[in-house]
Asker: 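Before I ask anything, let me first share the structure, which is written out below as structure tokens.
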Amino acid sequence: MHALACKRCRQGSGPMGDRYWQQYAHQSQIDKQKSKMAKITPRSKDFSEWYLDVIREADMADYAPVRGCIVVKPYGWSLYENMRDFLDRRFKETGHSNAAFPLFIPMSFLQKEAQHVKGFSPELAVVTIGGGETLEEPLAVRPTSETIIGSMYAQWVKSYRDLPVLINTWNSVVRWEKRTKPFLRTMEFYWQEGHTAHATHDEAMEEVLRMLGVYADHASEECAIPVIQGRKSISERFAGADNTFSIEAMMGDKKALQAGTSHDLGQNFARAFEIKYLDRDNTEKLCWTTSWGMSWRMLGAVIMTHGDDQGLRLPPKIAPVQVVIVPIYKNDTEKSSVFETAERIYKEIKAAGLRVKLDDREETPGFKFNDWEMRGVPVRVEIGPKDVANRAAALARRDIPGKAGKSFVPQDGLVQRVQVLLVEVHNSLLQQATAFRDANIHEVNTYEELKEVVEDGFALAPVADDPEVDAKIKEETRATNRNFPTQQAAGEWKCIITGKPVRERALFGKAY
RNA sequence: CGGGGCGUGGCGCAGUCCGGUUAGCGCGCUUGAUUUGGGUUCAAGAGGUCGGUGGUUCAAAUCCACUCGCCCCGACCA
């Protein structure tokens with residue numbers, strides 16, 4: 001009946017038809033407004049949808065033809081490169097060298113460390129055919145490189161003089177994930193793995209904590225993300241580690257994201273791969289090894305920590321474009337004078353070593369403002385005819401939206417102003433993220449309190465480091481034990497589950 | 001892997017219930033004008049084997065089966 005009526009509307013004239021078209025036209029107007037102004041789902045409406053929208057609109061990544069894999073586009077990759085370069089510099093400063101290890105790992109290697117193979121076998125991709133022939137021994141696509149690197153270290157380390165071995169490798173690994181999300185959990189992900197071997201456990205522990213500190217510094221100094229360093233609970237440890245440490249960050253939806261890990265591997269891999277050295281006392285000893293990693297997941301953290309309804313807000317130090325110049329003009333005469341100024345300013349900013357872009361596209365200024373805001377560019381310089389006449393410029397900062405973040409400044413000293421502003425934007429983003437996080441972490445002393453707090457934030461609760469405790473809390477609240485923060489007040493409390501006396505609080509929250 | 005939702009030009013959707021002419025709309029794209037200090041406006045264009053496969057039918061975007069993918073919620077993870 002209804003379809004018939006519509007058909008009649010389409011074909012026919014008369015009152016019904018007119019009403020149909022009127023209604024249709026009205027609907028179109030709404031659609032237009034919607035699609036124009038809301039390319040990005042508001043963060044408050046649907047955080048997950050917002051996250052995906054931002055990645056698409058900021059031109060960071062695209063879905064690959066293979067399930068669970070992404071293509072990182074130039075804008076996203078540039079961000080990754082900047083992050084990587086900062087980290088790499090820090091690794092070099094702490095005495096590490098880069099090297100490369102194979103993508104393929106003999107299955108037997110993974111099986112040498114019992115916990116390790118147990119932990120990783122569910123998510124292994126395994127190559128069984130090569131060159132058209134069935135392989136004698138299947139090759140795992142590396143899910144991480146402890147085993148293959150361990151096997152090499154066993155060959156390289158003979159004497160105490162060979163220690164420590166301090167190597168890092170930038171690569172990608174594959175883990176067969178059930179549920180994926182761009183940057184946060186993809187089947188293949190890019191990261192770095194540091195692998196070190198030491199003569200003593202003390203030295204290894206020093207390394208583990210040093211690198212955890214490097215990650216924490218990188219997160220706050222370069223990514224403007226405050227993190228909580230701590231020790232993972234027994235149930236959250238890396239497969240094959242004696243101890244795992246992590247940095248945990250709070251995202252804009254108050255969920256936790258593990259942004260980096262550092263493992264004390266004890267002598268587990270040394271034993272499995274016979275990484276031994278002859279000590280000064282002429283006895284053969286097992287090494288102590290560590291590993292630590294940080295992945296492109298950190299980009300997800302940057303998006304989810306700083307982003308707003310307009311899109312990305314990038315920390316200046318890692319932003320692919322730190323300053324964008326938008327020229328404003330009405331006609332060719334204005335255009336040439338505006339561009340003359342804009343190009344001069346562009347050169348000055350570039351000469352100062354900043355990543356600057358002059359947007360010479362044939363679009364309206366308003367369009368460009370929104371476009372670059374979506375991409376998270378920290379500072380925008382506007383040059384129009386009035387500015388040319390007044391030797392001035394408009395400066396807008398991405399961390400403060402709208403007119404409040406706009407100022408009008410003289411062209412003289414503009415570069416210095418921009419440099420100062422970039423630092424301010426960084427500080428402001430870090431400050432905003434820290435304030436948000438701190439406002440949403442609460443100390444609790446009972447299980448009831450924890451249940452309430454983790455509904456909308458993190459809870460710091462005294463608990464025993466016991467897998468059963470973690471499991472119970474997780475099952476009943478969906479919140480997980482993120483870590484036992486390194487920095488916390490000393491004291492003695494009762495575990496909120498077991499009632500046993502404990503000396504530490506753990507951080508609980510719903511996590512990615 | 002379980003529960004739910006969705007696959008229709010690059011993006012967002014209508015049409016599917018109840019099968020029937022050349023499958024529409026907005027954004028985006030191209031061209032030309034117009035505009036330009038916060039997503040200009042107008043005109044003319046280009047662009048779609050309706051996720052895929054098989055079936056039912058004179059006829060399938062529409063019905064049926066299978067399959068693939070995406071999103072959300074649970075079990076596992078950087």
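Bear in mind that the values here come from a model prediction, so they are computed numbers and not experimental data. Every chain is numbered from 1, with letters handed out A, B, ... down the list of sequences.
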Asker: For this output row, return yes or no: ring centroids of A:F120 and A:F238 closer than 6.0 angstrom.
Answerer: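 Yes, close enough.
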Asker: For the side chain of A:R297, counting heavy atoms from C-beta on, which of B:rC77, B:rC71, B:rC76 is nearest?
Answerer: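 Nearest listed nucleotide: B:rC77.
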Asker: A:Y512 ring centre to A:R185 NZ or CZ under 6.0 Å, with the angle to the axis within 45°?
Answerer: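 No, A:R185 does not sit over the ring of A:Y512.
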Asker: For B:rC1, give its Watson-Crick or G-U wobble partner with both distances under 3.5 Å, or none.
Answerer: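 Partner of B:rC1: B:rG74.
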Asker: Report yes or no: is the cationic atom of A:K451 (NZ for Lys, CZ for Arg) closer than 6.0 Å to the six-membered ring centre of A:Y447, at no more than 45° off its axis?
Answerer: yes
Asker: Hey, does the side-chain of A:R56 have a donor or acceptor N/O within less than 3.5 Å of a partner on the base of B:rG12?
Answerer: no
Asker: Round to a whole Å and report the spacing from CD of A:E49 to P of B:rC6.
Answerer: 14 Å
Asker: N/O contacts under 3.5 Å, protein versus nucleotides 31-37 of chain B?
Answerer:
from	atom 1	to	atom 2	distance (Å)
B:rU36	O2'	A:Y329	O	3.3
B:rU36	N1	A:Y329	O	3.4
B:rU36	O4	A:K330	O	2.9
B:rG37	O6	A:P385	N	3.3
B:rG37	O6	A:K386	N	2.9
B:rG37	O6	A:D387	N	3.3
B:rG37	O6	A:D387	OD2	3.2
B:rG37	N1	A:D387	OD2	2.3
B:rG37	N2	A:E382	OE1	3.3
B:rG37	N2	A:D387	OD2	3.2

Asker: Hey, does the Lys NZ or Arg CZ of A:R90 hover above the aromatic six-ring of A:W292, less than 6.0 Å from the centre and inside 45° of the axis?
Answerer: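 Cation-pi check for A:R90 and A:W292: fails.
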Asker: Measuring only the P atom in each nucleotide, how far is B:rG32 from B:rU49? A whole number of Å is fine.
Answerer: 28 Å
Asker: Watson-Crick or G-U wobble partner for B:rC11, using a 3.5 Å limit on both distances?
Answerer: B:rG26
Asker: Whole-Å distance between B:rC70 C1' and A:L52 CG?
Answerer: 10 Å
Asker: Is it the case that the base of B:rC77 and the side chain of A:R175 share a donor-acceptor contact (distance under 3.5 Å, atom types as modelled)?
Answerer: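 Side chain to base: no pair below 3.5 Å.
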